[in-house]
Each structure stands twice: as C-alpha cells, then as structure tokens.
Protein chains: 2
Amino acid sequence: MIKIDKENTEEKILNAAKKVFVTKGSDGARMQEIADEAGINKSLLHYYYRSKEKLFAAVFKFAFKKFAPNLMGIFENESDIFTKITSFIHSYIDIINKNPFIPLFIINEVSKKNAGFVGAVIKNSGMNIDLFEKEIKKEIKKGTIKQVDHRQLIVNILALCVFPFIGRPIIQKVVFEDNENQYDDFLKSRKEEVSNLIINSITLTEGSDK
Amino acid sequence: MIKIDKENTEEKILNAAKKVFVTKGSDGARMQEIADEAGINKSLLHYYYRSKEKLFAAVFKFAFKKFAPNLMGIFENESDIFTKITSFIHSYIDIINKNPFIPLFIINEVSKKNAGFVGAVIKNSGMNIDLFEKEIKKEIKKGTIKQVDHRQLIVNILALCVFPFIGRPIIQKVVFEDNENQYDDFLKSRKEEVSNLIINSITLTEGSDK
DNA sequence: CCTATCTTTGACCAAATGGTTAAACTGTTT
DNA sequence: AAACAGTTTAACCATTTGGTCAAAGATAGG
C-alpha cells in the first residue's frame, strides 16, 4: 500500500509555525496567523501542541538543530586545515542562504529567554568546538598556521558568515542604495571573500615562524 | 537662578522607554512596564507621547543616531589610512561596549518594519559611506593598500565588531562554557584582534603590487 | 485668594489574544 | 448500522493591553 506523503495536519501546523515564528519572533507571532497560514482552525493548534510556548519550542528546536550540528563534522575528514576551513565557510554560507532568517531568529530568542528550555536546547544540540580547538592547536604546533586563538578564529568566521544576512536590511540600504539584486550578488561573492580573509589571517608570513 | 537639571517627566519617560524597548523589542515592550520603570502613571505616557508607536519612534531615532553619524567623521582627519581604520574600529567597539544591546535592537526593528518611518530615519541619519569609498579608492590608486572592494571591507569591519555582541548569549555558551568574565576579557581583546585582521587584509603582500 | 493652565492620577473601555469546550464530523471496527 | 475513537469546528472565556477621560493636584499670574 502506497503511503501518500500528503502533508498531515500536524506537519502543516509545524511548517506554518516555523514561517510565522521565524519571521515575526515569539512575541510578534499570533496563533491566529499560524492557523490561517496552515489553513486550519485555531483550536487545532492547541489540539496538537498544547500551548503557544510548546509550539514555539518545537520550532526553536528545529531551527537550532538546523544550524548547530553538522558543521563540526567537516573537521573529521582527512583534508588539510586550509581546505577544511574553506569548506566549512562555504557550506555554512550555503545553509544560511537557504534559511536567511533563522540566524537572527535564534539570536533573538536566545537573547530574550536565555534561561529555560532554550538554554537546554543549546546544550543538548551537541554543538561544541572541541574538534575545532584540537585541530587548530595541532596545526599551530606543526607550524602549518600562525599562532592564533581558536576562539577568536571561530568568532571571526561566524561573524563574517552570518552578519551580512542578519544585517541585510540596513547594509543594503546604507551601502547598496537599497538595490536587492546588487546585494544578492554581494552575498554570492562572500564565500570567496570570507575564505580568503580567514585563510590569509592564519597563513604564516615571512619571518614569523618560530 | 540655578536651573537644577532634575530629570523631568518627559525625560524620565524617554529613558524608561529606551530601556524597555531596547531590551524587549517593540513587540515585547509593554506600556505599563515603561510607566513602572519611569515611576509614573501609564496615562502620562500618552500625555507626553501620543501612542506607543510615537514613543517607539522617539526611542528608535535616538538609538539609530547613536550608531550612525559620528563614525564616518573619523575619515575626515589627516592621518594615514591604516590609522584611520584602526581608530574607527576602536571607537566603534567602544560605542557598542557602552550600549551592547542597541545593535541587535536596531537590526531587529529594521528587519521587522523596514517600511515606514524606520526607513526614513536611516535615510535622514546622514549615514553614508561616500567618504570611506573615496578614501579606499584613493589609497588603492596610490598603491598604499591592496585592491579591495570597499563594500566587502566595510561589511567585514562591521561584522567583526558587532557580531560578538549580538551573538554573545550563544557564543558565550558554546565557546566559553558560559563563563561571563572570560567573555568580557574576550571582548576586550577584540579591538586588537579586529584591527590586526582588517589591516592585514588590506596590506600589500610581496609581489602583489601592480 | 481666585482663576487659568499645566500636570498627574485612577477608573474605565474596546480590541486583541491565548486558551477552552461542547458539539459536529470522519473513518474504522464489529 | 451502531458504536467508538480520532479530528475539526464555532462559540465562548478570561486576561492582557493600548488607549481615553473626567476629576484631582499643582503652579503661576493677577
């Protein structure tokens, strides 16, 4: 028997909730709007998810997992450190490109309700930089790269990848005369720009080794 | 006659509104909370500022002006380009340090209500990168710095300065094991880190000139 | 002291909002 | 077709929230 994967109600709700929560935030989101977006009665939201908070929790978990886990996996393969970092940057920008509003959503919600389940989600996400740290320290010892602080490095990478997306409305206005197409081109060129900048910052310069 | 600069009601309201709006956002902020914060009756909010939106507008204007205008002024003095950029980074991080929640507040509100008065505030803020662009292009022609795209450069600078503040809750958890003091130290070291990274990225390398 | 204006307050209002409930509907089992 | 469980809906509720209003306080001028 063929199981038709027609979107069932629960999925419809979750998808609608993702859309509304991510764009409007937990404060700005309205249960009625989520119901409308899903094309169902508002009571059904409470039938499947007991409260707004529970529904929000489901959305947040989903959003955070999308950005947290698979990233450090890149550092498990066998290529050299420069290739690893470059491919990390490329794939991270790709992910954001596909979900440009999620980073700001996450930052916001973590800032607002740092306590409670949000903190727990982060801890349980398995996101940690141990592999990254080990790798960087190893390469420094080997003399492949400069003596850099791995924490500064990871923040630099994240900043350069994420900021153009979350700051888009302002940057586009101030720096690009509000031209959307131009900004899309700009975003496309970011993978190379960020890769070059980061690689350049860890590459040994003449006379700096030892 | 001595004019005692005792905070009058209107100022009390604006200051309370700044605090509440900036930390909770326009959606999360409550008029009652602002009144409580100011220690006055809620009706007074409407007496001095006609509506929540008007009050919010006053706060947003203030916040945006604090971050927009004086920054490009640095590029008017006579020092060399490296010094200019370095001092820009230093003073920008100083400003954010004094108002760590304003950047996220601005990004949020611009993202939410890009239209309307928010867009107007940005345009009327006098914030533009013409001076910066001219300066960079001049130095490239002179051969003082690499051939860089001035828009990539300014976005890089802003990203590296701003992101550690708006992403603090997450970064602190994931990268610093939720240690606040350690994160404060990290922020202090950012001025040098960002300056070095940016200067390094525009400095000519052997054999790259012409 | 009286009046006029500005400031402040508490009581109140209408709309919005998250949530509940009982009834209707649908599909499956016997 | 009757009974049952799962699903969906409309009507309703309590609370919150931005906002109004008339009256009370304060302040200054005549």
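Chain naming here is simple, since letters A, B, ... match the order of the sequence lines and numbering starts at 1 in each.
Rounded to an integer number of Å, the gap from A:K52 NZ to D:dT15 P is 18 Å. When the C1' atom of D:dG6 is taken as reference, atom CG of A:N8 falls 13 Å away, rounded to whole Å. The distance from atom CZ of A:R50 to atom C1' of C:dT20 is 12 Å, rounded to the nearest whole Å. As a whole-Å value, the separation of A:H46 NE2 from C:dT20 C1' is 9 Å. One interatomic measurement links the two molecules: NZ of A:K54 to P of C:dG18, which rounds to 16 Å at whole-angstrom precision.
Under the 3.5 Å distance criterion, the side-chain polar atoms of A:N196 are matched with a main-chain donor or acceptor of A:E192. No donor-acceptor distance shorter than 3.5 angstrom exists from the side chain of B:K52 to the backbone of B:M31, with no hydrogens or angles considered.
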Next item on the list: Any chance you could lay out the ring-ring contact (aromatic ring centres under 6.0 Å, His included) test for A:F163 and B:F163, step after step, and finish with the verdict?
Entry: CA-CA 7 Å; A:F163 188 76; B:F163 188 76; 7.8 Å; no
Next item on the list: Would you check, one step at a time, whether the test ring-ring contact (aromatic ring centres under 6.0 Å, His included) holds for B:F105 with B:F21?
Entry: CA-CA 8 Å; B:F105 167 72; B:F21 272 122; 7.3 Å; no
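For the segment residues 12-38 of chain A, the set of residues with a heavy atom within less than 4.0 Å of an atom of DNA chain C comprises A:A29, A:R30, A:M31, in numerical order.
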Margin query: Strictly under 4.0 angstrom, non-hydrogen atoms only: write out the protein contact profile of nucleotides 7-14 of chain C, one letter per nucleotide from the 5' end, B, S or -.
Written below: BBBBB---
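With sequence neighbours left out, B:D36 forms a side chain to side chain donor-acceptor pair (under 3.5 Å) with B:Q32.
The pair A:K24-A:E33 meets the salt-bridge criterion, since a charged nitrogen lies less than 4.0 angstrom from a carboxylate oxygen. By the 4.0 Å N-to-carboxylate-O rule, B:R168 lies close enough to B:D184 to be salt-bridged with it.
In the displayed structure, A:Q182 atom CD is contacted under 6.0 Å by more than 12 heavy atoms of other residues, nucleotides or ligands.
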